[in-house]
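The structure appears below as structure tokens.
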Amino acid sequence: MPSETAKPPVKLSLPLEYQQDLFQELRSEDELVILARGLGLLRVVTNLLHSYDAVGNNLVVVVGADDRENGWIGEALAEHAAISRAPAARGLSQVNTDMMSVGTREKMYSQGGIFSITSRILVVDLLSKLLNPETVTGIVVLHSERIVATSIEAFIIRIYRQMNKAGFLKAFSDNPEHFTTGFAPLASMMRNLFLRKPSLWPRFHVTVAKSLEGRKKAEVIELEVPMTDSMRDIQNAILECVEVSMGELKKADTGLELDDWTLDSALHRSFDVIVRRQLDPIWHRVSYRTRQIVNDLSVLRSVLHALLTYDAVSFNKYLDTILAAHQPPPGSNRHNQSPWLFLDAANTIFETAKRRVYTGKPIDGQAPGASGALPDSLRPVLEEQPKWALLADILEEIERDAYFNPGLRDESNGTILIMCSDEGTCRQLREYLQNLHVQPLQADEENDKEKEFEAKPSATFMMRRKLRNYLNWKREFARVSASLFTENQKVLEGFTDPRGAGGYRGKAPPNKRRRVRGGSAAAAGGGRPVNGSLQAAEDKESQVASLLADIQPTDADGAQKDEIVVDSLDDMDDYFELYEMNDLVVVHPYDGDMDEHVLEEVRPRYIMMYEPDSAFIRRVEVYRSSHDDRYVRVYFMYYGGSVEEQRYLSAVRREKDAFTRLIKEKGNMAVTITLDGAAADPQEQFLRTVNTRIAGGGRLAATSEPPRIVVDVREFRSSLPSLIHGRSNIIIPCMLTVADYALTRNICVERKSVRDLISSFKNGRLFNQAETMLQHYKYPMLLIEFDQNKSFTFDTFGTDHTTTLSTASNPQDLQSKIALLTLAFPRLKIIWSSLPYQTAEIFDELKSSRKSPILSKLFRLG
């Protein structure tokens, strides 16, 4: 066999030294690879898979890949097979749907190859021996940071290792931060993966640094863009609101760990997850105000992001929607607006944002002058983003450089690649670049004065159009503001209050203030409304009309083409042509590993990073170092002294600290024991089944055969089958029509989560299931599982805002339905469990000394 495999050489595409070293490591031993983002993780994986695929007699399973990664791996394997001219290579086969029949899957497995299989299908096929674990050459695990002890991927690895000791197992991750939380996180992950050796590859690794910092470095021009004064004022005001909100949260005395709660950590998306994870167990006891502040922190962070990415008009529009979402409907007496809205800093945010769009404050009672013109009318300001002007300057510089230095010829195209954070920013930049040199027509008397400025790139045309759309949108906005407020309340409260907005059935809400003559809402003049809410300063209709008149479409607007949303592609040859790559400007969002495809296909000579991204910088380094003859110049733009810069530096520092902790833990880590129960001596396994609590009757309780449990295949979405298997039970997957688990010949269990329980009561399915279980089993049971890390209660704790049983519309109604269920089916037993570990222990107790179910009987039931 070695001589045959040596005939066709396997060609790899690993040009850099660290990639070659990592590949050699992976071929020689099993390990967990943690690679810094942007260093080409998928390239290493595809080359590794190709080395096994080219041989032709291997069966390798890829676990944890998403659809995009499957597409990447499939294309790369096909390309490698063509380059290597490996006739035995089969490429990637995907098994990701139940529609593929059992016979089809069995035939595919018997032929071998590289398979990407969804976890739920793979675990069922392994347990049912449709895919015999002993025939698997190896398993490649992607996104290993997601694997915990109860995950279905850990279950798959355990089954594989119990039945196959010789096959390889490689795990990959490019997210080191996930391996630094908890006690000895790396050792725990190695135990879950049944691996002994971690391999760490940070950016500061000696081999990586040597590979990327040689003579082929990309030319990087760093451009610090100063923010405008109004942008800086808004940013400082938002940070002040964040700081005050965090102070209020700390004063709430919720018993949370507050050591890591800093202004720096609050700017990251993971902060919301951390706070919510800590609050989940006591969520039903947390005050409404605390819940509101937690929600406010995510809102304020999104406002910070919008300040730097949205244009001035869109940002002001976004603030309008936020204010409407916190604005109670007219006539409501609920005092539930977010605390930060009452700060002076909040007023600064809203007022400054409006001044960036138009200026001129309406004065109540002011009448037009004799000429009919408004003395204090609104006029457009339309502040442009500072990066736009810099973007235009860079494009002009690139054009001059290409004109005066035409001699530079290499394999790079003259394409300009602009990278930004999301699709919204892409649309904004595309619109700006299309209308860069379009100027709205000026009045005749101003033509001479403006001629010198007409050639200067400007976003005036685009901003005027956006302002027109905004003013028209705001007229229709009043209709949806009430529904926005309702949706916001549902998010905060976590349930729909059946008693109405006031929370009182059939009676008016109590008014603690004494009624005095003239004290009605109509008699109260000035100040805040009756519900104490904030009111946005609205502009007068006449002033808005005058502003609209100033920005009416001109002849220049009519000359522009409308944007094509849907094109039938009729007569394509007459209207479409292929552009020269040298004349192309590509605007693309950051898209993880897919950015490597963009760089390889576009081959840009100029790259503009509109927003900083550390992973993309490394991808450019890898791209430039991998090609000797591709010149790359990178323009790296960021707002100086902004949250954008702070967030970027913080992300780089967090990744470096994570790798430092991992290196330290690896140095102090003991050998990870990966032995499992199946490797023990058979006699010892037999003795473990002896029930010593039965005096003198141990031999009767002992059995040489492990207990068997039949599990419905739809249950493998949960972690319970994995935990049952971990307690030395044999799991038999089967499509059951009666119950979810058949424990013994007389005991069956229907498992319900709280959410599923409520829906089953609503549609009446639970009563039918209970009736069917009673017909075929002597002891039917209903298992109700709830999460111990989340709030769980039947009754409220004294306020209208506390969460009842998982969004139940009426807790009393749910209690009565459970009572009716037990009255209708007295033999039905109800088991409550707070976590899957407890459920697995309960199943063991129920199965002790009882015979396993008969499979033929279950097949007859369906």
Side-chain angles (χ1 to χ4, degrees), residues 1-14 19-20 22-33 41-65 69-96 100 104-119 121-123 125-126 129-142 144 153 156-172 193-195 197:
M1 183 62 70
S3 60
E4 293 178 6
T5 57
K7 288 178 182 176
V10 178
K11 296 182 181 179
L12 304 176
S13 60
L14 298 173
Q19 295 173 340
Q20 297 164 7
L22 179 54
F23 177 82
Q24 295 297 335
E25 271 188 24
L26 287 166
R27 286 290 297 184
S28 60
E29 56 186 325
D30 294 348
E31 60 184 14
L32 166 64
V33 176
L41 178 67
L42 278 182
R43 178 186 287 264
V44 176
V45 172
T46 52
N47 279 273
L48 178 69
L49 291 174
H50 173 61
S51 68
Y52 290 105
D53 186 32
V55 178
N57 58 354
N58 291 317
L59 196 161
V60 180
V61 177
V62 180
V63 178
E69 289 165 341
N70 283 331
W72 173 300
I73 294 171
E75 290 179 12
L77 288 179
E79 186 178 334
H80 282 307
I83 294 173
S84 298
R85 297 180 180 177
R90 295 186 175 89
L92 181 72
S93 302
Q94 295 186 45
V95 182
N96 55 7
M100 189 177 289
T104 305
R105 297 207 301 269
E106 188 174 15
K107 185 179 179 182
M108 290 172 62
Y109 296 151
S110 63
Q111 294 173 351
I114 311 294
F115 292 91
S116 177
I117 312 175
T118 56
S119 299
I121 296 176
L122 179 58
V123 71
D125 287 350
L126 289 173
K129 298 296 177 67
L130 187 69
L131 173 59
N132 190 350
E134 296 177 359
T135 63
V136 177
T137 308
I139 290 182
V140 173
V141 183
L142 302 182
S144 57
E153 289 80 12
I156 290 168
I157 295 170
R158 190 193 317 136
I159 298 169
Y160 170 68
R161 268 292 170 246
Q162 284 179 356
M163 305 294 294
N164 188 338
K165 306 295 181 187
F168 70 79
L169 179 61
K170 324 285 185 185
F172 297 88
L193 292 167
F194 284 77
L195 292 172
K197 180 188 175 184

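As the structure is a prediction and not an experimental result, all values here were calculated from the model.
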- Is there a donor in the side chain of Ser116 and an acceptor in the side chain of Gln94, or the other way round, less than 3.5 Å apart? no
Just so I know, are the side chains of [X] and [Y] near enough to count as touching, which here means a heavy-atom distance under 4.5 Å?
{"X": "Ile114", "Y": "Arg90", "answer": "no"}
{"X": "Arg105", "Y": "Ile121", "answer": "yes"}
{"X": "Phe172", "Y": "Leu26", "answer": "yes"}
{"X": "Thr118", "Y": "Val95", "answer": "no"}
{"X": "Leu195", "Y": "Glu31", "answer": "no"}
{"X": "Lys129", "Y": "Met163", "answer": "yes"}

Between [atom1] of [X] and [atom2] of [Y], what distance do you get to the nearest 0.5 Å?
{"X": "His50", "Y": "Ser13", "atom1": "NE2", "atom2": "OG", "result": "8.5 Å"}
{"X": "Leu48", "Y": "Leu22", "atom1": "CG", "atom2": "CG", "result": "9.0 Å"}
{"X": "Trp72", "Y": "Thr46", "atom1": "CH2", "atom2": "OG1", "result": "7.5 Å"}
{"X": "Leu131", "Y": "Ile159", "atom1": "CG", "atom2": "CD1", "result": "10.5 Å"}
{"X": "Ile139", "Y": "Arg161", "atom1": "CD1", "atom2": "CZ", "result": "8.0 Å"}
{"X": "Thr135", "Y": "Leu59", "atom1": "OG1", "atom2": "CG", "result": "5.5 Å"}

- Task: For the pair Val141 and Leu32, evaluate side chain to side chain contact (heavy atoms under 4.5 Å, CB included) and give the outcome as yes or no after the intermediate values.
- Result: CA-CA 9 Å; Val141 183; Leu32 166 64; over 6 Å; no
- Message: With a 4.0 Å cut-off on N to O distance, would you call Asp30 and Lys170 a salt bridge?
- Response: yes
- Would Ile117 and Val63 satisfy side chain to side chain contact (heavy atoms under 4.5 Å, CB included), going step by step from the backbone distance to the final call? CA-CA 6 Å; Ile117 312 175; Val63 178; over 6 Å; no
- Nearest heavy-atom approach of Ala65 to Asn70 is CB-OD1, 3.4 Å
- All heavy atoms of Ala171 vs all of Leu193, minimum pair found to be CB-CD1, 3.9 Å
- Item | CD (Glu29) with more than 12 external heavy atoms under 6.0 Å | yes
Does [Y] offer a backbone N or O that forms a donor-acceptor pair with the side chain of [X] under 3.5 Å?
{"X": "Asn164", "Y": "Gly167", "result": "yes"}
{"X": "Glu153", "Y": "Ser119", "result": "no"}
{"X": "Ser84", "Y": "Ala81", "result": "no"}

- Val140 and its side chain to side chain contact (heavy atoms under 4.5 Å, CB included) partner, picked from Leu49, Val61, Leu169: Leu49
- Item | Contacts of Glu69 that satisfy salt bridge (charged side-chain N to carboxylate O under 4.0 Å, His left out) - sequence neighbours left out | none
- Just do the ring pair (Phe, Tyr, Trp, His ring centres under 6.0 Å) check on Tyr109 and Phe115 with the steps written out, would you? CA-CA 8 Å; Tyr109 296 151; Phe115 292 91; 5.5 Å; yes
- Trace of the side chain to side chain contact (heavy atoms under 4.5 Å, CB included) decision for Asn58 with Asp53: CA-CA 7 Å; Asn58 291 317; Asp53 186 32; over 6 Å; no
- Message: Would Arg27 and Tyr52 count as a cation-pi pair here, with the cationic atom under 6.0 angstrom from the ring centre and within 45° of the axis?
- Response: yes
- Item | Intermediate values then yes/no, side chain to side chain contact (heavy atoms under 4.5 Å, CB included), Glu75 and His80 | CA-CA 9 Å; Glu75 290 179 12; His80 282 307; over 6 Å; no
- For Phe23, ring-ring contact (aromatic ring centres under 6.0 Å, His included) partners two or more places apart: none
